[in-house]
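Quick note on labels: first sequence line is chain A, next is B, and so on, each numbered from 1.
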There are 2 protein chains.
Amino acid sequence: MKNKSSDIACDNVHSAIQDTLYVVNGKWKLVILSILVNNGTKRFGELSRASGISPRILSKELHELEINQLVSRKVCDTKPITVEYSSTEYAETLKEVIDAMIRWGQNHRRKIIGQ
Amino acid sequence: MKNKSSDIACDNVHSAIQDTLYVVNGKWKLVILSILVNNGTKRFGELSRASGISPRILSKELHELEINQLVSRKVCDTKPITVEYSSTEYAETLKEVIDAMIRWGQNHRRKIIGQ
DNA sequence: GTAACTACTTACCTTTTAGTAATTGGTTAC
DNA sequence: GTAACCAATTACTAAAAGGTAAGTAGTTAC
């Protein structure tokens with residue numbers, strides 16, 4: 001029988017990764033967050049155009065991010081009405097993950113092209 | 001008209017994240033990699049039991065990781081035959097991403113439970 | 001009153017993902 | 001020869017993800 005404490009540690013790591021994936025799942029959540037974290041507040045339409053995400057998907061993803069307190073929604077009293085989305089303070093804690101993924105993706109592309 | 005250089009920068013960031021997601025997509029690839037990176041070489045069956053991934057999925061995921069040079073496969077001349085999977089040197093470059101996700105997941109769990 | 005702008009929402013469809021269960025193939029022990 | 005072990009693979013299915021296109025709703029400008 002194997003070391004039990006390392007099994008527990010392994011399980012914690014396993015769960016931790018799955019927990020993170022559960023919150024930032026899908027093709028778009030990290031892209032949306034990187035835009036909001038790096039470029040600040042965006043309106044719904046701006047975000048749709050900037051990311052290339054269709055309204056249906058964008059709406060769904062923003063809602064899920066809002067539920068997880070990573071994005072906040074503010075209705076502005078403009079004519080016509082506009083809605084501003086911003087990354088929350090809690091989203092800042094994801095910056096480490098986002099930046100690591102950006103760096104890896106950039107490096108990977110260089111590697112692939114170089115081959 | 002908006003600043004063109006920042007549009008390009010934004011697009012690079014966008015693509016970089018999607019490139020990374022393309023390589024480590026799905027529920028399991030980062031879990032598999034974290035096991036191999038942290039615990040070293042594992043056999044197919046060990047990996048299946050350690051991760052709780054069924055043979056069909058594990059086989060598919062390992063194959064995709066192998067194609068992307070993140071995992072190496074070694075057939076051992078044992079009786080019965082066994083197959084060892086290891087993370088490659090290139091997989092080490094993903095450690096930053098994996099570790100950031102582990103830390104975030106652990107922190108997030110603490111936050112959720114605390115609420 | 002009709003066109004335009006914003007921010008969605010709905011209906012519909014296709015593709016992808018992930019899972020179970022059973023099977024294959026090679027080898028060894030009894 | 002038959003049971004057992006390992007590493008897959010195949011067939012099948014259910015669920016989720018993601019996309020298009022069109023519609024809704026509130027307001028304003030002409």
Side-chain angles (χ1 to χ4, degrees), chain A residues 1-2 14-15 17-36 41-68 70-87, chain B residues 1-2 14-15 17-36 41-68 70-87:
Chain A
M1 179 161 163
K2 296 287 177 58
H14 180 170
S15 304
I17 291 176
Q18 303 233 85
D19 288 348
T20 303
L21 289 175
Y22 182 79
V23 173
V24 295
N25 62 358
K27 275 176 75 174
W28 298 117
K29 290 202 187 69
L30 287 170
V31 171
I32 292 167
L33 284 172
S34 80
I35 292 172
L36 294 178
T41 298
K42 291 260 183 210
R43 289 190 292 119
F44 185 85
E46 286 178 324
L47 209 44
S48 181
R49 269 170 271 122
S51 62
I53 311 176
S54 70
R56 193 189 88 87
I57 306 296
L58 183 59
S59 175
K60 184 183 136 275
E61 301 286 85
L62 285 169
H63 190 65
E64 288 174 24
L65 289 169
E66 218 189 324
I67 286 169
N68 284 304
L70 294 167
V71 153
S72 65
R73 181 178 183 272
K74 185 187 162 203
V75 179
C76 301
D77 195 14
T78 52
K79 318 288 170 167
I81 215 169
T82 53
V83 180
E84 284 181 358
Y85 289 92
S86 319
S87 57
Chain B
M1 181 162 163
K2 296 287 176 59
H14 179 173
S15 304
I17 292 176
Q18 302 232 86
D19 287 349
T20 304
L21 290 175
Y22 182 79
V23 174
V24 296
N25 62 357
K27 275 176 76 174
W28 298 116
K29 290 202 185 70
L30 287 170
V31 172
I32 293 168
L33 283 172
S34 81
I35 293 173
L36 293 179
T41 298
K42 290 261 183 209
R43 291 190 291 118
F44 185 85
E46 285 177 324
L47 210 43
S48 181
R49 268 171 271 121
S51 61
I53 312 176
S54 69
R56 192 188 89 86
I57 306 296
L58 183 58
S59 174
K60 182 183 138 276
E61 302 284 88
L62 285 170
H63 189 65
E64 288 174 22
L65 289 169
E66 218 189 326
I67 285 170
N68 284 304
L70 294 167
V71 154
S72 66
R73 181 176 181 273
K74 186 186 160 202
V75 179
C76 302
D77 195 14
T78 52
K79 317 289 174 172
I81 213 169
T82 53
V83 179
E84 283 180 0
Y85 289 93
S86 319
S87 56

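- Between B:Glu64 and B:Asn25, the shortest heavy-atom contact is OE1-OD1, 4.1 Å.
- Between A:Lys79 and the phosphate of D:dT28, there is a side-chain N or O to OP1/OP2 separation shorter than 4.0 Å.
- Remark: C1' of C:dT6 and CG of A:Leu62 are 15 Å apart, rounded to the nearest angstrom.
- Regarding contacts with the backbone of D:dC6, every side-chain N or O of B:Tyr85 stays at 4.0 angstrom or more from both OP1 and OP2.
- In this structure, the side chains of A:Lys42 and A:Ile35 come closer than 4.5 Å at one or more pairs of heavy atoms.
- Place A:Ile57 and B:Pro55 on DNA chain C by their nearest nucleotides, and A:Ile57 ends up nearer the 5' end.
- The phosphate of C:dT6 has neither OP1 nor OP2 within less than 4.0 Å of any side-chain N or O from A:Thr82.
- Straight-line distance from the CZ atom of B:Arg49 to the P atom of D:dA8: 13 Å, rounded to whole Å.
- Residue A:Lys27 places its side chain closer to D:dG18 than to any other of C:dT9, C:dT6, D:dG18.
- In this structure, B:Leu70 and B:Leu36 have side chains that are not in contact, with every pair of non-hydrogen atoms separated by 4.5 Å or more.
- Taking side-chain N and O atoms only, B:Arg43 has no distance below 4.0 Å to OP1 or OP2 of D:dA8.
- Comparing B:Gly45 and A:Glu61, the nucleotide of DNA chain D nearest to each residue sits closer to the 5' end for B:Gly45.
- Two residues, B:Ile53 and A:Lys60, neighbour DNA chain C, and the one matched to the more 5' nucleotide by heavy-atom proximity is A:Lys60.
- Rounded to whole Å, the distance from CG on A:Leu21 to P on D:dA16 is 17 Å.
- Between B:Asn25 atom CG and C:dA18 atom C1' the separation is 12 Å, expressed in whole Å.
- Across all non-hydrogen atoms, the minimal contact from B:Leu58 to B:Phe44 is CD2-O, 3.5 Å.
- In terms of heavy atoms, A:His14 sits closest to B:Val31 at CD2-CG1, 3.8 Å.
- At least one side-chain heavy atom of B:Arg73 sits less than 4.5 Å from a side-chain heavy atom of B:Val83.
- The two residues A:Ile17 and B:Leu30 make their nearest non-hydrogen contact at CD1-O, 3.7 Å.
- In the helix from C:dG1-D:dC30 to C:dC30-D:dG1, the terminal helix axes, each the rotation mapping four pairs' C1' atoms onto the next four within five end pairs, subtend 20°, rounded to 10°.
- In plain terms, the two heavy atoms of B:Glu84 and B:Arg43 that are nearest each other are CG-CG, 4.2 Å.
- For C:dA21, the OP1/OP2 oxygens have no side-chain nitrogen or oxygen of B:Arg56 closer than 4.0 Å.
- Backbone-only contact: A:Ile81 has heavy atoms under 4.0 Å from sugar-phosphate atoms and none from a base.
- Using a 4.0 Å heavy-atom cutoff across all strands shown, A:Ser54 reaches at least one base atom of the nucleic acid.
- Summarising the geometry, the separation between NZ on B:Lys74 and P on D:dC6 is reported as 18 Å, rounded to the nearest angstrom.
- Per the geometry, NZ belonging to B:Lys42 stands 17 Å off C1' belonging to D:dA7, to the nearest Å.
- Taking atom CZ on A:Phe44 and atom P on C:dC5, their separation rounds to 17 Å, with Å as the unit.
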